[in-house]
Amino acid sequence: RPRVLSGIQPTADSFHLGNYLGALREWVTLQREFDAFYCVVDLHAITVAQDPAELRRRTRVSAAQLLALGIDPDRSALFVQSHVPEHAQLSWVLECLTGFGEAGRMTQFKDKSTRQDADHVSVGLFTYPILQAADILVYQANAVPVGEDQRQHLELTRNLAQRFNARFGSTFTLPEPKIPQETAKIFDLQDPTAKMSKSVPAGVVELMEDPKRSAKKIRSAVTDNEREIRYDPEAKAGVSNLLVIYSALTGRAVSELEAEYAGRGYGDLKKDLGEVVVEFVTPFQDQVRGYLDDPAELDKILGKGAEKARSVAAETLRSVYDRIGFLPSM
Ligand code: TYM
């Protein structure tokens with residue numbers, strides 16, 4: 001069966017609606033047709049300052065959320081990145097094939113690093129995309145479900161795979177990004193021209209927050225001065241974002257929603273979408289709590305996932321080391 005891999009950072013106490021609609025929803029669907037590897041990328045999380053107790057908690061909360069969203073540990077290997085040392089080992093090899101300038105052109109690094117002076121930006125943040133390439137290539141993944149913001153990292157991954165294959169012989173599968181059509185980029189509710197991301201709380205719907213708070217954030221979403229409920233991302237970014245979220249969570253077409261809300265006010269749309277979100281997150285949160293109530297069972301699931309992941313990753317690493325010219329260890 002073809003393989004799929006994706007990862008998510010445990011850098012917050014909750015995933016947000018952008019993570020879910022841009023990527024995680026697709027993770028759940030793809031596990032039916034693919035041999036799936038899904039990881040909580042704790043190595044990536046330490047590229048910025050992290051508190052150890054917090055990281056430990058957030059890693060478990062992340063795994064619990066993935067299970068509650070429908071990742072089935074009997075089908076998919078659900079694991080923690082640091083449990084599979086081959087990611088870091090392959091990353092080193094790929095770093096040695098990456099140009100310094102090439103890594104410097106990664107826009108996420110540029111965005112994150114220009115906010116701070118050079119000595120507060122870690123070298124790990126710089127090499128972050130190369131570790132991501134290793135995550136993908138070590139499983140020979142065919143498909144990688146991610147949101148739009150990961151497109152450039154996927155291009156780098158493909159370039160590195162091609163470069164390795166050209167230099168040392170065909171070794172890596174070239175992975176295809178799977179970026180959803182409508183929900184590739186969910187926007188911030190307070191600034192609908194910016195991506196929804198954890199840095200701006202009022203504009204971010206967190207899956208684990210009090211559902212009433214989510215509904216309130218949606219009611220306060222920034223829209224425009226017209227009255228028409230119409231999908232037009234250029235002229236009406238806020239309303240269009242709400243329609244996309246509504247459509248994705250209910251499975252109803254945007255055009256159908258436009259017809260239903262014709263002649264009605266933004267208040268109606270926001271109130272109804274708030275209810276849709278509450279109905280989605282309430283049972284989800286109950287499930288997450290269930291998994292968190294039994295950390296031993298959760299750790300067992302992650303242990304089993306890591307074991308499966310390691311068997312595949314070790315095989316790739318062996319062949320990489322051999323092709324590079326490292327002596328076999330006896
Ligand atoms: P991360 O942890 O920031 O986000 C996880 C996933 O959520 C998607 N996403 C969004 N999609 C739509 N709209 C948004 N506003 C939005 N915000 C986030 C992201 O595109 C991502 O798919 N570098 C990755 C983690 C990673 C990874 C990997 C992914 C590490 N190794 C290997 C794929 C394969 C990241 O920081 O995602």
Side-chain angles (χ1 to χ4, degrees), residues 3-28 30 36-48 58-59 61-63 65-66 69 71 79-82 84 87-88 90-91 94 106-109 111-112 124-125 127-158 160-161 175-200 203-207 233 237 241 244-245 248 309 313:
R3 292 213 182 108
V4 63
L5 171 123
S6 201
I8 187 159
Q9 296 200 67
T11 41
D13 286 315
S14 174
F15 297 153
H16 58 67
L17 213 46
N19 298 135
Y20 175 61
L21 297 177
L24 304 178
R25 206 162 58 125
E26 194 68 4
W27 292 22
V28 177
L30 292 177
F37 295 84
Y38 295 130
C39 66
V40 179
V41 294
D42 54 351
L43 300 177
H44 280 109
I46 64 163
T47 54
V48 294
R58 289 173 168 178
T59 302
V61 172
S62 297
Q65 289 178 91
L66 293 173
L69 288 172
I71 299 302
F79 64 99
V80 175
Q81 188 187 28
S82 64
V84 184
H87 292 236
L90 178 58
S91 183
L94 297 177
M106 294 293 113
T107 56
Q108 282 215 335
F109 171 73
D111 291 348
K112 287 184 189 170
L125 192 66
T127 57
Y128 176 116
I130 307 170
L131 177 60
Q132 180 167 351
D135 297 340
I136 298 167
L137 299 179
V138 86
Y139 298 101
Q140 309 285 1
N142 303 87
V144 185
V146 284
E148 178 62 40
D149 61 350
Q150 299 300 313
R151 190 183 288 279
Q152 198 191 25
H153 291 169
L154 266 291
E155 270 162 33
L156 175 72
T157 304
R158 290 173 58 90
L160 292 176
E176 297 285 343
K178 271 203 173 268
I179 300 174
Q181 293 255 307
E182 279 88 20
T183 55
K185 187 168 179 184
I186 299 297
F187 294 90
D188 185 277
L189 298 179
Q190 286 300 312
D191 176 5
T193 60
K195 171 181 85 168
M196 185 179 281
S197 78
K198 50 214 155 224
S199 38
V200 248
V204 178
V205 175
E206 294 185 7
L207 303 184
N241 190 39
V244 165
I245 295 171

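Atoms within a ligand are numbered from 1 in the order they appear, just like the ligands themselves. Residues take their numbers from the sequence shown, with the count starting at 1. Everything numeric in this text was worked out from a predicted model, so none of it was measured.
- In this structure, the side chains of Y38 and L30 come closer than 4.5 Å at one or more pairs of heavy atoms.
- Under 4.0 Å is where a charged nitrogen must lie from a carboxylate oxygen, and between R151 and E148 at least one such pair does.
- A donor-acceptor distance shorter than 3.5 angstrom exists from the side chain of Q65 to the backbone of F15, with no hydrogens or angles considered.
- Minimum heavy-atom separation, P145 to E26: CB-CG, 3.8 Å.
- The contact shell of ligand 1, taken as protein residues with any non-hydrogen atom closer than 4.0 angstrom, comprises L5, S6, G7, I8, Q9, H16, G18, N19, G22, A23, V41, H44, Y128, Q132, D135, I136, V144, V146, G147, D149, Q150, T183, A184, K185, I186, K195, M196.
- In this structure, R58 pairs ionically with D13, as a charged nitrogen and a carboxylate oxygen lie closer than 4.0 Å.
- For F187, the ring pair (Phe, Tyr, Trp, His ring centres under 6.0 Å) test picks out no residue, with sequence neighbours left out.
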